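Quick note: residue numbers are just sequence positions, from 1. The structure presented is a predicted model; accordingly, all values stated were derived computationally and were not measured.
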Amino acid sequence: MGCGRVGSTLARSLEERNHTVSVIDSEPDAFRRLGPDFNGDKVTGYGFDQEVLAKAGIRRADAFAAVSSGDNSNIIAARVARETFGIQQVVARIYDPGRAEVYQRLGITTVATVKWTADQILRRIQPAGAEPDFRDPSGTIRVDQVPAPEQWVGHRTVDFQMQSSCRIAWIDRLGEGTLPTRESVIQEGDLLHLVMREENAARAYKVIDAGPEES
């Protein structure tokens, strides 16, 4: 539900991945954002209306995303999809972070747009290690993005991992993801995705900043 910039991008992305997609919007002109190559259904109406949802194929759907510009509309539509039609994979975009937390507790997955954007910017303007990319629910494990430290360029990833007690989950190199092997060497411009225990983070960054210990 919602054929704005987010909804239209989401619909096209799903279709590119060979999913069948129906898009609901109250404004027929909004469907122009989908482009001429979109093959899915376009249904004019409100996504919290049960008849509109049925017309869009909700009864045979595997998932529902409410990404209109209104928090109330998104939440109502998400609850109808979940509670009336039994859709388990339901996501609602919410601008108000406080509301997002409430609905998360009700079992509706929410994407708090403002908070998510702020978090993404925060991660990119703070020093490496200040804020992880991901932290597991128990707060034990974190994932950090770290640009290849100059002092480690040219050194093997296995040495980096042994000395820092981090694991390199993957490396972004020249626009592609790469899984490190025993022979891999850290290169200038690499973006390292590090997995570490929260309790070891301070020590890990101290070792990373200090550079490798030569054997």
Rounded to the nearest 0.5 Å, what's the gap from [atom1] on [X] to [atom2] on [Y]? Could you check?
X: Cys166; Y: Gln161; atom1: SG; atom2: CD; answer: 8.5 Å
X: Arg5; Y: Leu10; atom1: CZ; atom2: CG; answer: 15.0 Å
X: Met1; Y: Ile58; atom1: CE; atom2: CD1; answer: 11.0 Å
X: Ile208; Y: Lys206; atom1: CD1; atom2: NZ; answer: 13.5 Å
X: Gln145; Y: Leu191; atom1: CD; atom2: CG; answer: 5.0 Å
X: Met196; Y: Thr140; atom1: CE; atom2: OG1; answer: 14.0 Å

Do [X] and [Y] make a side-chain contact, defined as non-hydrogen atoms from C-beta onward lying under 4.5 Å apart?
X: Val185; Y: Thr157; result: no
X: Arg142; Y: Phe134; result: no
X: Thr109; Y: Val90; result: no
X: Thr44; Y: Phe31; result: yes
X: Asp62; Y: Gln89; result: no
X: Arg156; Y: Ser184; result: no
X: Arg82; Y: Phe64; result: no

Flag yes if more than 12 heavy atoms outside [X] fall under 6.0 Å of its [atom1] atom; otherwise flag no.
X: Lys42; atom1: NZ; value: yes
X: Arg12; atom1: CZ; value: yes
X: Tyr46; atom1: OH; value: no
X: Glu188; atom1: CD; value: no

Handout entry: Test item: side-chain donor near acceptor, Asp172 and His193, under 3.5 Å
Key =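 Yes - a donor-acceptor pair under 3.5 Å links their side chains.
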Practice task
Ignoring hydrogens and angles, state whether a donor on the side chain of Arg93 or Tyr95 is under 3.5 Å from an acceptor on the partner side chain.
Solution key: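 The criterion, which ignores hydrogens and geometry beyond distance, is satisfied for Tyr95 and Arg93.
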Indicate, with yes or no, if [Y] and [X] share a hydrophobic cluster defined by side-chain heavy-atom contacts under 4.5 Å among Ile, Leu, Val, Met, Phe, Trp and Tyr.
X: Val91; Y: Val23; value: no
X: Val6; Y: Val21; value: no
X: Leu14; Y: Val111; value: no

Practice task
Can you label the angle between the Trp152 ring and the Phe160 ring as parallel, tilted or perpendicular, going by 30° and 60°?
Solution key: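 Taking Phe160 first and then Trp152, their aromatic rings stand perpendicular (interplane angle over 60°).
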Handout entry: N/O donor-acceptor pair under 3.5 Å between Asp190 side chain and Leu192 backbone
Key =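 A pair under 3.5 Å: no.
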Handout entry: Any donor-acceptor N/O pair, Ser68 side chain to Gly2 backbone, under 3.5 Å
Key =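 Judged by distance alone, no pair lies under 3.5 Å.
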Problem - Verdict with supporting geometry, Arg167 and Leu194, side-chain contact (heavy atoms from CB on, under 4.5 Å) - result: CA-CA 6 Å; Arg167 291 185 183 179; Leu194 307 180; over 6 Å; no
Practice task
Could you check Trp170 against Thr178 for side-chain contact (heavy atoms from CB on, under 4.5 Å), going step by step and ending with a plain yes or no?
Solution key: CA-CA 6 Å; Trp170 79 95; Thr178 301; over 6 Å; no
